[in-house]
Amino acid sequence: MESINDVKWLHTEHMYAVAQKKWLYIYDSNGIELHCIRTFNDVLRMQFLPYHFLLATASATGFLQYLDVSVGKEVAAISTKTGRLDVMCQNPHNAVVHLGHPNGTVTLWSPNQKEALVKMLCHQGGVRSVAVDKTGTYMITSGMDKKMKVFDVRAFKPLRSYFLPAGASCLSLSQRGLLSAATGDIVQVYRDVWSTPVTKPYMAHRVRGLVWGLHFCPFEDVLGVGHGEGFTSMLVPGAGEPNFDGLDANPYRSAKQRQEWEVKALLEKIQPELITLDPTELAQVDRTTFEQRHRDRVEALGFDPLAKERFVPKFKKKGRSSAGGVERRKKQVAHEDQRVSSYFQGSRQRRPLR
Amino acid sequence: MARVSRKNGNKKKLKGRCSVPLVGLGDQQLLYEEEEDSMDRGEEDIISSEEDEAEHERKRQKLLEGISTLGGKRKRAQGERSEAAVHMSEFSVNTDGGPGKVKLSDLIGIFEKNPAVPAKSRQQLNNLRRVKKSINSPLSKEETEKIQRDMAFQKAASEVSRWDSIITQNQRAKQLLFPLSQEPAGPRPVERLVAGWNVQTPLEQEIFALLSANKQPSTDPILTPAEEASVRAMSLEEAKIRRAELQKARALQSYYEAKARRDRKIKSKKYHKVQTKAKRKEFLKHFEQMVKTDPAAALQELNKMELARMQERMSLKHQNSSKWAKSKAIMAKYNEEARKAMQQQLEMNRQLTQKLVTPLNDDYEQDEGDTGETDLLPHFVNDAVDGRDASNPWMKGKLTEEPTQKQLNDTMTEAAQVVSTVAAEEEELEAEETEEEALLREFDSNRKLHQAQESDIAGGVFLEEMTEDRAAAEDSEVSDCLSEFTIISRGREKSFKDTEEFNCADFTDGSAQLEERLVRIRTVEDLELLHHDPSAEPGHPPTAKDPPSEEKHMGKSKKKKKGIELKEVLTKETNVIKVPLTPTATDSDDPESKLDQRELIKEAFAGDDVISSFLKDKRRHEDEGKPKVIDLTLPGWGEWGGMGLKPPKRKRKQFRVKSAPRPPRKDQHLPSVIISEKRNTSLTLHQVHSLPFPFEDHGQFESCIRSPLGRTWNTERTVKNVTKPRVVTQLGAIISPMAEEELLKNNNRAVAREGS
């Protein structure tokens with residue numbers, strides 16, 4: 001028998017990856033071993049990024065590796081230089097991987113950069129567990145200092161801090177934002193952790209033996225708990241998303257639909273280079289390059305082609321060019337700078353992003 | 001030509017028969033005809049006697065030939081006719097030298113000797129003599145082919161370029177619909193949609209009978225047949241074009257009228273004098289042509305001239321009674337110029353007081369019929385022989401006319417008699433001088449006429465059309481007004497031309513000046529730039545302006561950092577949660593609990609260590625990002641150096657190079673966060689580096705690109721509009737290439753747009 005550190009579903013329910021004692025294995029739904037990936041060794045934690053078809057693994061040797069599942073190639077291998085990596089989660093909003101470290105920091109990683117995008121000091125003791133909500137706004141961490149903290153990941157600012165007498169070893173967020181925390185052999189479920197200060201849990205349940213892992217079931221009000229003496233499924237009312245988006249993830253899809261979806265998803269696969277902290281960064285103009293080029297152009301031309309002429313009111317005689325009058329005339333044309341030319345009117349009329 | 005040559009051959013006979021001096025060509029012709037007639041008549045009677053004579057003649061010829069051959073040098077036989085045949089071939093005329101050769105000068109010589117020949121025809125003959133029209137040798141094959149190719153290319157290019165506008169239009173169109181000529185949408189008559197529908201009830205029949213009788217629409221309720229016909233006759237666009245044309249014409253007319261009114265109001269007498277003089281000159285230049293093309297207008301002009309003559313006769317304006325004239329008369333004895341001026345004035349008087357006998361109006365219609373045929377012949381053949389001498393200054397006011405043959409015959413004899421008596425005296429005095437003058441004048445007029453024609457050709461289609469119209473017009477009124485119009489237009493053209501030339505000259509000058517000026521300006525600009533550049537360069541990077549404030553910021557943050565240290569990090573107040581279920585006490589032999597204990601101890605002591613190490617790490621990151629100060633001091637340069645000697649403070653300050661500080665870090669105000677400042681190069685490859693064309697700033701572009709296009713976010717109409725296909729074809733329809741009609745339609749549309 002070999003110890004299993006982590007198991008993760010891949011893009012379909014037909015395949016899953018298993019981090020075993022030494023290597024990373026991939027099995028199909030019948031339990032047949034498909035691949036044994038030797039380049040990924042001593043994996044402790046895994047995350048699957050569904051839109052990028054990437055399997056991110058964190059190993060005991062401090063390596064964060066990315067495996068492209070669609071082509072079977074290693075995209076990036078980053079040495080984090082922070083020791084054993086046994087706390088990991090992903091931000092579903094921007095596919096950034098969060099790692100928790102024993103020195104109380106949480107680091108954010110993308111496959112494109114060899115150093116951490118962000119390094120946050122969250123706890124005075126080591127970080128035991130990290131979870132990020134569906135919208136990518138909030139991050140919840142629990143540490144050795146028996147504290148549970150809520151952060152705004154967009155601004156990297158702490159929002160709330162809770163003290164749990166026993167400290168939470170595992171954290172899991174449901175689709176509707178319910179937080180389950182395992183403190184020893186007790187599973188606690190909290191509601192609205194980030195919006196209102198919580199004083200007591202929404203639900204609590206004692207299981208036999210120490211809790212090793214928790215996870216909410218998507219689209220269902222079920223929390224699965226793995227503990228010292230087996231597995232317990234716990235009903236948590238209001239945990240799952242009742243109104244599913246059939247185009248995004250359809251729990252009732254047929255085999256044909258699944259096949260169709262797989263093809264479409266592969267066609268719409270996002271390249272790993274596009275993983276950034278701000279997903280809208282791609283739609284922005286590359287300012288530094290732009291400025292550099294613009295500077296070169298201005299030098300070559302001898303003038304700034306994009307410079308806007310400042311409005312200088314005409315000088316008028318007979319006292320009509322008084323300071324007040326000048327200001328008034330300036331005000332009359334001030335709005336013209338803010339006006340968008342007619343070319344953009346069409347795009348402005350569209351409904352804004354939700 | 002045949003006749004002329006024969007005349008030479010039959011010189012003897014002619015001389016023998018008619019002793020009457022030749023008067024004109026017309027007479028000659030008559031004589032010939034008579035001669036031929038008589039020959040025809042007498043042929044049968046004289047046939048036997050003539051044969052004998054001919055035989056005698058032949059024998060004599062042979063004898064003569066034989067004698068001539070005895071001399072050794074053989075003369076080439078000269079084919080000479082002794083008798084006139086009914087049909088003469090013009091090709092049998094020998095062209096080599098010898099007695100048979102006919103020269104134009106020979107013919108003209110006769111006229112010159114004869115005083116009865118009008119000066120006009122004489123002049124024309126002289127002209128003819130001067131003009132040597134030899135046909136140029138044909139170009140080589142290559143040259144002609146080259147020219148032809150060139151012409152063909154130009155033609156093809158013009159043909160093809162007609163399509164340019166429609167092509168660009170189609171290229172720019174957001175959507176193209178094929179096939180191009182689609183039936184217009186809208187209500188269609190019932191007949192076209194329903195095949196087997198006919199009137200059934202008697203009431204219906206009655207109604208339809210009534211409708212059809214009144215030509216009212218029976219099925220299509222929108223337009224009556226009359227309306228449809230009118231619509232078909234002229235489309236809206238055509239009507240617009242026509243209206244625009246009319247408007248333009250009216251506008252031009254009004255401009256001209258306004259200008260004329262302005263001119264008339266000018267008080268300067270001198271100006272008007274100059275104007276009238278110029279006008280008269282211009283008029284005279286065109287009058288000859290006008291007589292040919294538009295006799296009615298010419299007649300009017302003549303009437304005007306007649307009026308002027310009358311006025312002149314009434315006044316004493318150009319006679320020797322004025323003050324100026326008297327003074328000139330005194331000076332004339334000694335001064336050549338004064339004499340000349342005097343003479344000129346008198347001539348003017350004569351000109352103006354001369355009576356003009358012009359039977360123009362009587363039969364110009366006949367003339368018009370003739371002109372077509374007579375164009376082929378030289379002008380003098382048809383010219384009036386009224387016996388006036390062009391060289392005579394008294395006759396200078398005379399105008400060229402085209403009287404008919406009949407009138408010619410009537411006037412001829414009288415004129416000949418009068419002129420012969422009057423002109424003879426004058427001629428003797430001024431013959432040579434005036435002849436030269438006349439020649440010069442003729443030459444001038446010819447040249448001017450030629451120029452005018454050229455200008456007409458250049459004038460374009462419009463004028464040509466006008467002249468054609470004029471030829472066709474029957475009404476005198478119409479022709480009158482048209483002629484006026486042409487005069488006006490011609491005058492404008494002329495003036496336009498003049499101004500153009502003037503402008504051209506000006507323009508070249510101006511352009512030269514401009515160029516010079518440009519150069520100068522350029523240099524000035526350069527100078528300015530030279531001045532500007534150093535001042536502008538330091539200004540242009542915005543970072544350069546910022547440094548002081550940034551430095552301040554940095555300083556503040558440094559102070560702050562020193563301030564934060566351990567106290568500011570992780571200071572969030574904690575809420576204690578009451579847990580209903582307290583964790584059960586685990587077994588003491590559980591290894592986990594031992595680990596927990598150890599971690600608890602670690603936790604108790606390691607807290608401060610974690611924070612301080614994190615802060616150290618952060619400072620290290622900040623320092624890495626800071627620009628380094630480069631020290632360029634050279635110890636010992638310009639002073640003593642060595643152990644224990646430091647360069648002075650002033651020097652150290654002077655040679656320290658500080659580069660511009662970086663923009664503030666993103667984690668400047670977040671004590672417990674380190675945000676990497678590294679640039680994500682993998683993403684920049686996919687980003688936009690420069691603003692696409694219509695956008696003016698980043699915000700516009702980013703907001704535009706951020707807005708989603710999909711059906712989920714937009715209305716159906718917007719999505720359809722955004723994802724409109726470029727080309728739409730009808731299923732099963734034949735898409736034929738674009739026809740010429742499409743081009744016309746397009747042109748019309750363009751013209752209509754311009755017009756409106």
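Since we're looking at a predicted model, the values are computed, not measured. Note that these values count all heavy atoms, side chains included, but never hydrogens, waters or copies made by symmetry. Chain A is the first sequence line, chain B the second, and so forth, proteins listed ahead of strands; every chain is numbered from 1.
- For Ile675(B), the parts lying near chain A are the backbone and the side chain together; criterion is any non-hydrogen pair under 4.5 Å.
- For Gln284(A), the parts lying near chain B are the backbone and the side chain together; criterion is any non-hydrogen pair under 4.5 Å.
- Among Thr107(A), Thr280(A), Thr288(A), the residue with the largest count of heavy-atom pairs under 4.5 Å with chain B is Thr288(A).
- For Arg726(B), the CZ atom is densely surrounded, since the number of other residues' heavy atoms within 6.0 Å is greater than 12.
- For the pair His227(A) (side chain) and Gly209(A) (backbone), a donor-acceptor distance under 3.5 Å is absent.
- With a threshold of 4.5 angstrom between heavy atoms, Ala283(A) approaches chain B through its backbone and through its side chain.
- Here Tyr202(A) pairs with nothing under the ring-ring contact (aromatic ring centres under 6.0 Å, His included) rule; sequence neighbours left out.
- Using a 4.5 Å cut-off between heavy atoms, Leu117(A) touches chain B through its backbone atoms (N, CA, C, O) alone.
- Looking at Arg297(A), neither its backbone nor its side chain comes within 4.5 Å of chain B, counting heavy atoms on both sides.
- Heavy-atom pairs under 4.5 Å with chain A peak, among Leu685(B), Asp667(B), Thr681(B), Val688(B), at Val688(B).
- For the residue pair Ser676(B) and Glu115(A), the shortest heavy atom distance occurs at OG-OE2, 2.7 Å.
- Here the closest non-hydrogen pair linking Val198(A) and Tyr190(A) is CG1-CD2, 3.7 Å.
- When heavy atoms are compared at a cutoff of 4.5 Å, Thr105(A) approaches chain B solely by way of its side chain, counted from C-beta outward.
- Heavy atoms of Asp617(B) lying under 4.5 Å from chain A belong exclusively to its side chain.
- Side-chain contact between Tyr66(A) and Pro272(A) is absent, with no heavy atoms from C-beta onward closer than 4.5 Å.
- Per-residue heavy-atom pair counts under 4.5 Å with chain B were compared for Asp304(A), Leu282(A), Asn103(A), and the maximum is reached by Leu282(A).
- Side-chain contact check for Thr723(B) and Arg711(B): no donor-acceptor pair (N or O, by modelled atom type) lies under 3.5 Å.
- Of the residues considered (Leu108(A), Val118(A), Ile275(A)), Val118(A) shows the highest number of contacts with chain B, using heavy-atom pairs under 4.5 Å.
- How far CZ of Arg160(A) is from CE of Met148(A): 11.5 Å, rounded to the nearest 0.5 Å.
- At a 4.5 Å heavy-atom cutoff, Gln292(A) makes no contact with chain B through either its backbone or its side chain.
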